[in-house]
Amino acid sequence: MADKETSDVSSSQTSNPLSRKLNKILETRLDNDKEMLEALKALSTFFNENNLRTRRNLRGDIERRSLAINEEFLETFQVVKEQLDSVYGDVKAMNECCQDMTNRLKVAKEQTHDLINQTTQLQAESHKLQMKAQVADVFLAKFQLKPDEIKALRGDRSGALSQDFFQALARVKQIHNDCKVLLRTNHQTAGLEIMESMALHQETAFERLYRWTQNECRMLTGDSPDISPVLCQAMLALQDRPVLFRYSIDEFGTARRTAVVRGLIDALTRGGPGGTPRPIELYSHDPLRYVGDMLAWLHQAAASEKEHLQTVLKRCEPSDVQIQDALGHITEGVCRPFKVRVEQVLVSEQDAVTLYKLNNLLKFYHNTIGQIISTDAALLGTISEIQDLSHRMFFNSLNCHANKLLDKVELPPPDLGATASLTQTLDLLKEVLTCHDSSVVTIDDKRQDFKQILTSVLDPLIQMCSVSASRLNTVDMAAYMVNCLYLMQSAVALYEFTDTRQEMLQAQVEAHIDTLVNEQAAFVLNRVGLAHTYATIQQHQPKRGPLSSLDGMDTLTVKSAMNKFDSYLASPDSLVLPQCSIILSSRNRETVKKRSIDLICQAYQLMYDAICNPVNEYRDCQAIVPRTPDQVLKLLS
Amino acid sequence: MAAGPYNYSYIFKYIIIGDMGVGKSCLLHQFTEKKFMADCPHTIGVEFGTRIIEVSGQKIKLQIWDTAGQERFRAVTRSYYRGAAGALMVYDITRRSTYNHLSSWLTDARNLTNPNTVIFLIGNKSDLEAQRDVTYEEAKQFADENGLMFLECSAKTGDNVEDAFLDTAKKIYQNIQDGSLDLNAAESGVQHKPATPRSAISTDQAPSKEGCAC
């Protein structure tokens with residue numbers, strides 16, 4: 001603003017150049033004018049002396065200096081220019097080069113255009129071919145065996161089977177199956193051909209597998225066969241060929257069969273290490289032990305063999321029938337050595353009790369082993385044959401005994417008790433029944449057996465007793481039979497399933513007791529002389545007139561007989577038949593006594609009624625029969 | 001893998017003996033099925049079970065024959081002692097009579113088995129402590145006097161059952177290692193499956209199978 005004012009002031013004074021100049025100088029602020037300061041500074045470098053001459057020359061000096069500086073400039077820029085020129089030259093050359101190259105490329109491009117087209121085509125084609133190759137490879141991979149797979153299938157000289165074999169075999173099967181897809185599409189020729197070749201591979205592979213399995217099985221004859229996992233796998237693979245599978249199982253069975261036979265023979269003849277446990281044959285003097293040990297051994301062997309078989313077939317799904325068939329085959333071999341030995345024992349054994357125990361033992365094992373092996377198997381067939389034999393031998397022995405009884409019938413002993421043969425036979429029967437009690441067979445078998453045993457022992461016994469009693473008088477015979485039957489009854493009473501027999505025996509006893517009772521009563525009436533009286537009264541009919549008028553029925557005779565009867569009443573024991581007192585069973589004895597008393601009382605009642613009946617015209621009947629029937633009963637019982 | 005348990009190297013045959021009702025069948029059932037059979041019927045004759053165990057890295061198959069305790073089966077069960085490598089003799093700790101009969105069982109076992117048979121005494125029903133009739137100490141002394149191994153077990157709870165069976169197997173295995181049990185002899189009760197299998201294939205297979213089974 002001050003400047004403006006100043007300029008305003010100066011404008012008014014423009015007319016005067018001096019003043020203008022002065023003003024200008026005065027207005028100059030040296031401090032602020034940097035250019036001025038700079039100029040002055042530069043001036044100070046060469047303007048050293050301030051004198052007139054120098055002042056006059058100042059201008060020339062400055063101009064000279066300026067010239068020198070410009071020259072220097074020129075020189076310097078000259079160099080720059082030259083360099084730029086050279087750069088320019090280079091760039092130009094490059095440009096030319098590039099131009100040249102471009103041209104050449106252009107030419108080349110024109111020339112190669114066809115080639116590129118061709119290459120592209122070829123490339124596309126190659127791509128397609130590659131695709132095809134890939135497809136073909138995949139196809140081959142899917143439908144053809146790799147060389148090492150074929151090698152694995154064919155195997156090497158050692159004939160050993162490897163895991164690769166089974167993988168290859170599985171692949172062959174897979175391919176064979178996949179071919180069915182091919183057949184459904186329009187690749188039927190390929191499908192058929194591949195199927196055919198795979199079938200061929202399969203056949204050879206299975207043949208090889210079967211041979212290997214066969215060999216492997218043949219070696220499994222040890223006590224405990226070493227069943228390798230490969231064998232299990234082989235069995236699994238063979239399941240696709242049922243015939244070969246069956247043959248392989250048969251082969252295994254044959255090997256095991258040999259092993260089992262050898263094992264049994266070893267157990268029979270060699271026993272354990274150092275002879276403990278002792279060989280089974282050392283017990284051949286003890287039939288039960290001998291046969292029992294053999295059967296137990298067979299039971300254990302059957303169980304073990306079943307396990308071995310299940311181990312071999314663990315990866316297969318064998319049917320029960322297959323397992324049972326194989327087991328039957330394995331255990332078939334021991335049948336003969338076993339049968340021969342047991343038959344020998346049975347044939348040479350005489351004792352019915354031992355035979356019976358053997359029979360039970362065989363029955364038990366038939367059942368026990370039957371839980372492992374099916375009943376169709378030869379071993380069970382053999383056991384059941386032997387069991388039949390033992391059954392027959394046992395009953396033979398019993399029948400033999402019975403026949404001997406009948407061949408040589410003993411006379412009853414004077415005491416009308418048991419004969420020696422009766423006692424002996426009953427002892428045998430008891431022993432047989434007792435061993436059945438401790439035996440191991442089922443209740444049903446027991447019931448069946450008991451029936452037959454009782455029949456084959458008791459029937460001949462009763463027959464024997466009857467024959468031996470036939471020479472006795474009635475009373476002796478009745479007493480003797482009661483005694484014999486009683487002994488049989490008491491022998492049988494302790495055992496189960498003898499109820500019907502007991503009833504039968506009891507019925508026979510009753511019959512004989514009836515005889516005894518009648519005889520006893522008749523004896524008493526005879527002795528007291530009432531027999532005639534009684535018989536007459538029994539037969540009397542009223543139309544024939546009063547009893548007292550009949551012969552031998554007069555009051556006197558009757559009275560004297562009644563007197564004798566009275567004395568009998570005083571001591572009833574005096575008129576007991578001797579046979580009745582030697583009845584062994586007190587119960588039977590009591591029965592006879594009681595029933596004969598009843599009978600006598602009945603007779604007395606009849607006579608009493610008849611005598612007291614006025615129709616019969618006995619006078620003073622109270623004197624003839626002083627006692628009432630009730631009194632008689634009281635006295636006798 | 002399924003094939004695993006089948007690859008055993010030995011078969012040991014055991015027999016279980018003792019009075020009726022001491023729990024022989026239950027012990028076997030507990031060992032093979034790991035379950036308690038509450039209403040166990042009387043054994044008829046003999047029954048058998050198997051289980052594969054491991055002793056010192058060896059797989060061993062135990063074939064266990066469980067005998068009937070009833071007297072009427074004595075003649076039958078007697079035949080099964082033959083060829084047993086181990087005999088488990090069982091009594092019931094709540095019934096003194098079963099303990100008193102041990103000496104007769106022991107006589108049978110000694111007479112009918114081979115000298116190397118390992119006899120293991122088991123006091124069963126140890127869960128019924130309240131009804132105990134035979135003390136542990138007494139039975140232990142009996143076992144020591146007769147050179148038997150001894151444990152009290154419970155087939156019901158499963159307590160010690162495994163140990164009894166395994167300890168017996170260990171002892172038998174030890175006998176084999178010592179050479180006191182001759183495997184080649186028939187009826188030693190032990191069957192050995194060769195450790196180096198015959199066929200070349202099995203050798204190829206062995207390592208891989210073991211890998212799978214672990």
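Just so it is clear, the model here is predicted, and its values are computed rather than measured. So you know, we letter chains A, B, ... as the sequences are listed, proteins then strands, and number each from 1.
- In this structure, B:Arg82 and A:Gln300 have side chains that are not in contact, with every pair of non-hydrogen atoms separated by 4.5 Å or more.
- Residue A:Lys306 places its NZ atom among more than 12 non-hydrogen atoms of other residues, nucleotides or ligands, all under 6.0 Å distant.
- For B:Thr50, the part lying under 4.5 angstrom from a heavy atom of chain A is the side chain only.
- Rounded to the nearest 0.5 angstrom, A:Glu307 CD and B:Phe48 CZ are separated by 4.5 Å.
- Rounded to the nearest 0.5 angstrom, A:Gln371 CD and B:Glu47 CD are separated by 7.0 Å.
- When the shell of 6.0 Å around CD of A:Glu317 is examined, it contains 12 or fewer heavy atoms from other residues, nucleotides or ligands.
- With rounding to the nearest 0.5 angstrom, the OG atom of B:Ser79 is 7.5 Å from the CG atom of A:Leu361.
- Close placement of the B:Tyr80 and A:His299 rings is indicated, their centers lying within 6.0 Å of each other.
- There is no contact between A:Phe165 and chain B, counting heavy-atom distances below 4.5 Å.
- In this structure, OG in A:Ser304 is found 8.5 Å from NZ in B:Lys61, a value given to the nearest 0.5 Å.
- Remark: B:Ile11 CD1 to A:His308 NE2 distance equals 5.0 Å, nearest 0.5 Å.
- At most 12 heavy atoms of other shown residues, nucleotides or ligands fall within 6.0 angstrom of atom NZ in B:Lys156.
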